[in-house]
Amino acid sequence: MRISTSDFSLRHTLECGQFFRYYPEGNGYFVLAGDKILRLEQSGGRLAVAGKADTDSVKALLGLGDNYPHIISGISKDPFISAAIRQSYGLRLMRQEPWECMISYICSANSSVGKVRFCVNRISENFGKKISFEGREYYGFPRKLDATEKELRECGLGYRAAHLARTLESVSPAEVRRLARLGYQDAKERLMELDGIGDKVADCIALYSLGFPQAFPVDRWVGRVMKEQYIRQKANYRQISSFAAEYFGHYAGYAQQFLFNFRRPGQPATER
DNA sequence: CTCCAGGTTCTGC
DNA sequence: GCAGAACATGGA
């Protein structure tokens, strides 16, 4: 299957830190989305897709339905953000499976992108089903996860294992998916009732999987860059995110992703 | 060995 | 409500 695209960079979209389950291979990538696997390769405005998936679901996954020129012109408020956009032009916010996204970002607390990838892969290997694709074996992310704290520790989660174990008992995949029907504030509040989910993780889930582009996750790097470039003083989470909402507007989440990618140290592409 | 990583929770004011 | 400390783990 082939999809024609514009204003799209597969590399920036996959490697900007929003998503964990991909592997560079040749000129393209293997991408694990839920329990499906795809091979994607971009050349210019053409995206070649191999694997069991229809065009619409691939487009949705990669944010190809977003009106890019409109979003970019809306957030291009100053030279700094413009430079950040230029560096990763074509980056799009993905629409991840909410359940996988929630678990991934609970794993991310006080950790690193590489370590989160490690944990999510472990969870998949230990609880997901095996998929054979183009002569190799992969593991899909589990549709349901009935894991004990001990089993989660064995996946490398450390103290986060206890939080995730409690959250797994209190919410189902369908309930997490259903949060997309609520408003942003209500969905975020509901997420923050769950163990291991605070402001930042809730915003990541809202932005990367529930389709709320106004969510503005403030992690170490985004906090740093916002204080260095925009606020010029100490500021807590609420102050930074409300500034961002007012300054960048409805698509503040896109601004956040460009800023995160601009400010954090360069990440090498993951090997298989 | 020490420091850091896409924070959250618990504690004490 | 807000600041500080504690928290497992792997990589640099």
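Lettering of chains follows the sequences in order, A, B, ..., and the numbering in each one begins at 1. Excluded from the calculations below are hydrogen atoms, water molecules and symmetry mates; all remaining heavy atoms, backbone and side chain alike, are included.
- Met102(A) places its CE atom 18 Å from the P atom of dG7(B), with the value rounded to the nearest Å.
- Residue contacts for Gln239(A): at a heavy-atom cut-off of 4.0 Å it reaches no nucleic acid atom on any strand shown.
- Contacts of Tyr208(A) with the nucleic acid, taken as non-hydrogen atoms under 4.0 Å apart, include base atoms.
- Aromatic rings from Tyr105(A) and Phe20(A) are positioned such that their centres are separated by under 6.0 Å.
- Counting to the nearest Å, the C1' atom of dG6(B) and the CD1 atom of Ile103(A) are 17 Å from each other.
- Residues Glu175(A) and Arg178(A) are not paired through a salt bridge, judged by the lack of any N-O separation under 4.0 Å between the basic side chain and the carboxylate.
- Phe118(A) does not qualify as a stacking partner of the dG10(C) base, lacking a centre-to-centre distance under 5.5 Å together with planes within 30°.
- At the heavy-atom level, Gly17(A) lies under 4.0 Å from base atoms of the strands shown.
- Between Phe19(A) and Tyr208(A), the distance separating the two ring centers is not shorter than 6.0 angstrom.
- Rounded to whole Å, the distance from CZ on Arg224(A) to C1' on dG6(B) is 11 Å.
- Of the charged side-chain nitrogens involved, at least one lies within less than 4.0 Å of a carboxylate oxygen, so that Glu134(A) and Arg39(A) count as a salt-bridged pair.
- Protein atom CZ of Arg122(A) is 8 Å distant from nucleotide atom P of dG10(C), rounded to whole Å.
- Comparing the C1' positions of dG11(C) and dC1(B) gives a spacing of 14 Å, expressed to the nearest Å.
- Using a 4.5 Å cut-off on side-chain heavy atoms (C-beta onward), Tyr184(A) and Leu207(A) make no contact.
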Show the numbers, then the answer: is there a side chain to side chain donor-acceptor pair (under 3.5 Å) between Asn121(A) and Tyr139(A)? CA-CA 8 Å; Asn121(A) 282 334; Tyr139(A) 289 86; over 6 Å; no
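- Here Arg238(A) lies in heavy-atom contact (under 4.0 Å) with sugar-phosphate atoms only.
- Between the C1' atom of dA12(C) and the CZ atom of Arg264(A) lies a distance of 16 Å, rounded to the nearest Å.
- The pair Lys188(A)-Asp203(A) counts as a salt bridge, with a side-chain nitrogen and a carboxylate oxygen less than 4.0 angstrom apart.
- Relative to the side chain of Asp195(A), the nucleotides dG6(B), dT9(B), dA5(B) differ in distance, and dT9(B) lies closest.
- Between Gln256(A) and Tyr254(A) the shortest side-chain heavy-atom distance does not fall below 4.5 Å.
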Counting primed atoms plus P, OP1 and OP2 as sugar-phosphate and everything else as base, spell out the protein contacts along nucleotides 3-8 of chain C at 4.0 Å heavy-atom distance: B, S or - for each nucleotide, 5' to 3'. ----BB
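- Per the geometry, CD1 belonging to Ile197(A) stands 8 Å off P belonging to dT9(B), to the nearest Å.
- Side-chain N/O atoms of Tyr105(A) and base N/O atoms of dG7(B) include no donor-acceptor pair closer than 3.5 Å.
- Rounded to an integer number of Å, the gap from CG of Leu191(A) to P of dT9(B) is 12 Å.
- The side chain of Arg220(A) places an N or O atom within less than 4.0 Å of a non-bridging phosphate oxygen (OP1 or OP2) of dG7(B).
- Within residues 163-170 of chain A, the residues that have a heavy atom under 4.0 Å from DNA chain B are, in order of number, His163(A).
- The gap from the P atom of dA3(C) to that of dG6(B) amounts to 24 Å, rounded to the nearest Å.
- When heavy atoms are screened at a 4.0 angstrom cut-off, Arg117(A) is found touching no nucleic acid atom at all.
- Between the P atom of dG6(B) and the CD atom of Gln256(A) lies a distance of 13 Å, rounded to the nearest Å.
- Using a cutoff of 4.0 Å between basic side-chain nitrogens and carboxylate oxygens, Glu149(A) and Arg153(A) are scored as salt-bridged.
- Val116(A) comes within 4.0 angstrom of nothing in the nucleic acid, heavy atoms only.
- Separation of the P atoms belonging to dT11(B) and dA8(C) is 14 Å when rounded to the nearest angstrom.
- Side-chain atoms of Val171(A) and Met102(A), non-hydrogen and from C-beta on, do get closer than 4.5 Å to each other.
- For Tyr138(A) and Phe30(A), the distance between ring centers is under 6.0 angstrom.
- Nearer to the 5' terminus of DNA chain B, by closest-nucleotide assignment, is the contact made by Phe19(A) (compared with the other of Met192(A) and Phe19(A)).
- Counting non-hydrogen atoms under 4.0 angstrom, Ile106(A) reaches nothing in the nucleic acid.
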